[in-house]
Amino acid sequence: MSYHGGQTLNGQLKLGLVWYGKVGRIQKNTIRSFINSLNVNAGNIRPQVSHWWDMVESYQVTARKRGARIGVRVVKQATDKSYACGKILTKDFIKPLIAKATGGDKSVLTVIFTSRDVTVDGLCMGKCGQHGVLDFQPYIIVGNPETECPEACAWPFVKSKLTPGIPLKPPSGNIGADAMVIAFAQALAETVTNPFNNGIYQGPVMRSVGVAEACHGIFGFGGNPAGKVGKTLVNPRNGGAYNAHGLRGKKFLLPGLWNFQTKCCWTLL
């Protein structure tokens with residue numbers, strides 16, 4: 001993992017969200033709560049979502065931008081329940097959704113969340129959230145994997161032949177919502193660190209591995225990609241596994257990230 005000299009994102013990160021299809025209320029609320037928790041101290045409890053974001057911000061040192069904080073806020077939201085681009089999304093349909101999310105503002109990062117009945121080309125094929133760049137505009141797209149590929153992208157909340165191990169209960173109580181948070185967190189960290197494919201990554205650019213993908217499937221101390229999640233906490237109210245506290249008592253399971261200092265994966269627990 002190394003810095004390749006290109007641009008990273010810092011300062012104020014403005015998000016334009018598109019809810020594509022019939023995205024459920026619990027998915028929307030869980031994702032919004034995660035975003036709202038990134039820059040806020042949730043009180044005298046540890047670990048917090050903001051501590052995870054501190055690690056993402058620390059990559060600015062690697063990119064030679066010392067002390068660069070990243071404030072995240074949603075500036076625009078759009079909903080498309082009519083499936084205007086169909087139920088199979090390919091890269092050809094990303095451009096109009098970017099326009100819908102940004103209103104033409106190039107400084108806004110597009111994030112597209114799709115409902116469980118939408119197929120996104122490229123997802124479920126080793127990636128559960130996708131980030132890319134189109135016409136010099138970075139974007140993220142995250143699907144709900146409950147129908148399309150639960151074993152590949154709803155783990156560790158479902159039993160999977162691909163990744164053996166005992167499934168965990170989702171912290172929100174909804175598998176789709178918490179799987180989408182994990183995929184979005186991974187894609188967001190990698191968009192910040194490598195928005196134009198010349199930032200922080202390892203391997204050849206066409207098959208690059210980012211700071212989150214390098215630690216895929218690891219959520220706590222002792223975890224490994226072979227199916228061991230690692231240390232987590234359990235919410236006594238619903239049995240949900242989590243490793244991060246958010247605002248208003250919300251809890252999340254957030255992915256491990258590459259640590260440049262230790263040269264291994266870092267987790268909140």
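Quantities reported herein were computed from a predicted structural model and do not represent experimental measurements.
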**Q** Do Thr102 and Gln137 pass the side-chain hydrogen bond (donor to acceptor under 3.5 Å, both in side chains) test, and can you show the C-alpha distance, the side-chain angles, and the key distance before you say yes or no?
**A** CA-CA 10 Å; Thr102 65; Gln137 186 111 28; 4.7 Å; no

**Q** Salt-bridged, Asp54 to Arg69, with N to O below 4.0 Å?
**A**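 Looking at Arg69 together with Asp54, the answer is yes, because their closest N to O distance falls below 4.0 Å.
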
**Q** Inspect the surroundings of NZ in Lys28 and state if more than 12 heavy atoms from other residues, nucleotides or ligands are less than 6.0 Å away.
**A**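 More than 12 within 6.0 Å, yes.
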
**Q** Kindly give the heavy-atom pair with the smallest separation between Leu257 and Cys215, and that separation in Å.
**A**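 Where Leu257 meets Cys215 most closely, the heavy atoms are C-SG, 3.5 Å.
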
**Q** Counting neighbours of CZ on Arg46 that are heavy atoms of other residues, nucleotides or ligands and sit closer than 6.0 Å, is the number greater than 12?
**A** no

**Q** Can we say Lys91 and Asp121 salt-bridge, meaning some charged N sits less than 4.0 Å from an Asp/Glu carboxylate O?
**A** no

**Q** Please step through side-chain hydrogen bond (donor to acceptor under 3.5 Å, both in side chains) for the pair Asn174 and Gln27, ending with a clear verdict.
**A** CA-CA 8 Å; Asn174 183 274; Gln27 283 90 36; 2.9 Å; yes

**Q** Could you tell me which non-hydrogen atom of Phe252 sits nearest to which non-hydrogen atom of Tyr242, and how far apart they are?
**A** O-CB, 3.4 Å

**Q** Does NZ belonging to Lys250 count more than 12 external heavy atoms closer than 6.0 Å?
**A** no

**Q** Report the C-alpha separation of Ser115 and Tyr20 in whole Å, then their side-chain angles, then the decisive distance to 0.1 Å, and conclude whether the side chain to side chain contact (heavy atoms under 4.5 Å, CB included) test is met.
**A** CA-CA 6 Å; Ser115 56; Tyr20 187 81; 5.9 Å; no

**Q** Counting only heavy atoms not in Ile88, do more than 12 sit closer than 6.0 Å to its CD1 atom?
**A**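 No - once you tally the heavy atoms of other residues, nucleotides and ligands closer than 6.0 Å, there are 12 at most.
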
**Q** Answer yes when Asp105 and Lys14 have at least one side-chain N-carboxylate O distance shorter than 4.0 Å, and no when they do not.
**A** yes

**Q** Give a yes-or-no answer on whether the side chains of Asn144 and Glu146 include a donor-acceptor pair shorter than 3.5 Å.
**A** yes

**Q** Taking Leu188 as the fixed residue, which of Ile35, Val111, Leu109, Val56 is the one that meets the side-chain contact (heavy atoms from CB on, under 4.5 Å) rule?
**A**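 Answer to the side-chain contact (heavy atoms from CB on, under 4.5 Å) test with Leu188 among Ile35, Val111, Leu109, Val56: Leu109.
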
**Q** Do the side chains of Leu269 and Pro47 get nearer than 4.5 Å, heavy atoms only?
**A** yes

**Q** Can you tell whether the side chains of Lys87 and Asp117 come within less than 4.0 Å, N to carboxylate O?
**A** yes

**Q** May I ask you to check whether His131 and Tyr139 place their ring centres under 6.0 Å from each other?
**A**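 For Tyr139 and His131, the ring centres are not under 6.0 Å apart.
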
**Q** Shorter than 2.5 angstrom, is that how the SG atoms of Cys128 and Cys149 come out?
**A**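 Disulfide absent: SG-SG distance not under 2.5 Å.
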
**Q** So, for Val158 and Pro167, which heavy atoms are closest and what is the spacing to 0.1 Å?
**A**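 Looking at all heavy atoms of both residues, the shortest contact is C-CB, 3.6 Å.
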
**Q** Do Tyr201 and Tyr3 have ring centres separated by under 6.0 Å?
**A**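 No, the ring centres sit 6.0 Å or more apart.
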
**Q** Would you check, one step at a time, whether the test side-chain hydrogen bond (donor to acceptor under 3.5 Å, both in side chains) holds for Asn243 with Thr232?
**A** CA-CA 5 Å; Asn243 61 7; Thr232 61; over 6 Å; no

